[in-house]
Amino acid sequence: MADGKHEATGLETQDIWFKSQRVLRTVVQVGIPAFITFATVLPTIINALGLPVDGTVYLWLLSAAGVVTAVAGALSRVMAIPAVNGWLTHIGLGSEPKAVVVERTAAKTSDLQPAAVAPSNVDYRLEQDDDTTTVQ
């Protein structure tokens, strides 16, 4: 539909499958680099600056890595909420491409729905007058 009516009614995104799995994947994707950075890289930088790196500093850095990982996991779960995913799809950041959602939503308009009357097995060509069906 070229007039954009499907967008006026809102995009119909599909429900996200395996929401918990998405959260766990995000936790792993963020957690590994966060803990590597906060536990190895930052203490090395702090030590290179001449500042003492003791157990308290390590605890703070590991806590920061845990907070970053937890926030990323929480954001991943929030993004799996249907209304949030719908909004993200509208701006092009949803769980499926916006073009696919627009096409699926447009396909649900009345113009593209199946006929309301079942097809008939009657061949109306056979019911016409004999002189119109005869080829000479």
Side-chain angles (χ1 to χ4, degrees):
M1 192 175 252
D3 60 1
K5 286 184 182 178
H6 57 274
E7 291 188 38
T9 60
L11 299 175
E12 295 179 20
T13 58
Q14 293 183 351
D15 193 29
I16 294 178
W17 293 14
F18 309 115
K19 295 176 180 107
S20 298
Q21 181 186 26
R22 289 180 182 240
V23 172
L24 291 175
R25 288 170 47 127
T26 300
V27 166
V28 169
Q29 291 169 346
V30 173
I32 291 173
F35 280 95
I36 289 172
T37 301
F38 284 89
T40 59
V41 176
L42 287 179
T44 304
I45 293 171
I46 292 170
N47 195 20
L49 293 173
L51 300 172
V53 180
D54 58 0
T56 306
V57 172
Y58 275 119
L59 182 62
W60 278 101
L61 291 174
L62 290 177
S63 298
V67 168
V68 167
T69 304
V71 168
L75 287 174
S76 177
R77 180 59 184 100
V78 167
M79 288 180 175
I81 296 171
V84 175
N85 184 45
W87 177 77
L88 289 170
T89 300
H90 185 69
I91 63 171
L93 297 174
S95 62
E96 56 187 337
K98 182 178 180 180
V100 172
V101 176
V102 168
E103 184 177 325
R104 186 177 57 243
T105 303
K108 292 183 179 182
T109 62
S110 59
D111 297 340
L112 299 175
Q113 293 301 309
V117 178
S120 171
N121 292 331
V122 177
D123 188 354
Y124 290 105
R125 295 175 296 177
L126 300 175
E127 293 182 4
Q128 294 178 356
D129 293 336
D130 288 333
D131 59 338
T132 59
T133 58
T134 308
V135 178
Q136 296 184 356

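Just so it is clear, the model here is predicted, and its values are computed rather than measured. If you read the sequence from its start, that first residue is 1, and numbering goes on from there.
Hydrophobic cluster membership differs between Val57 and Phe35, with clusters built from Ile, Leu, Val, Met, Phe, Trp and Tyr side chains linked at under 4.5 angstrom.
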Between side-chain atoms of residues 58-66 and protein atoms elsewhere (two or more places apart, or another chain), which donor-acceptor pairs fall under 3.5 Å?
{"unit_1": "Ser63", "atom_1": "OG", "unit_2": "Leu59", "atom_2": "O", "d": "2.8"}

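Clustering of Ile, Leu, Val, Met, Phe, Trp and Tyr by side-chain heavy atoms under 4.5 Å joins Ile81 with Val78, Met79, Val84, Trp87, Leu88, Ile91, Leu93. If you chain together ILVMFWY residues whose side-chain heavy atoms come under 4.5 Å of each other, Val71 ends up grouped with Val67, Leu75.
Note that the CG atom of Leu24 and the CD atom of Gln29 stand 11.0 Å from one another [nearest 0.5 Å].
Annotation: side-chain contact (heavy atoms from CB on, under 4.5 Å) contacts of Val23 (sequence neighbours excluded): Val27, Ser76, Arg77.
A pairwise comparison of heavy atoms in Thr69 and Ala34 identifies OG1-CB, 4.0 Å as the closest pair. Scanning both residues, Ala72 and Val30, for their nearest heavy atoms gives CB-CG2, 3.6 Å.
Pairs passing the salt bridge (Lys or Arg N to Asp or Glu O under 4.0 Å) check and including a residue from residues 85-97, sequence neighbours excluded, read Glu96-Arg104. Residue pairs meeting the side-chain hydrogen bond (donor to acceptor under 3.5 Å, both in side chains) criterion with at least one partner in residues 33-50, sequence neighbours excluded, do not occur; the list is empty.
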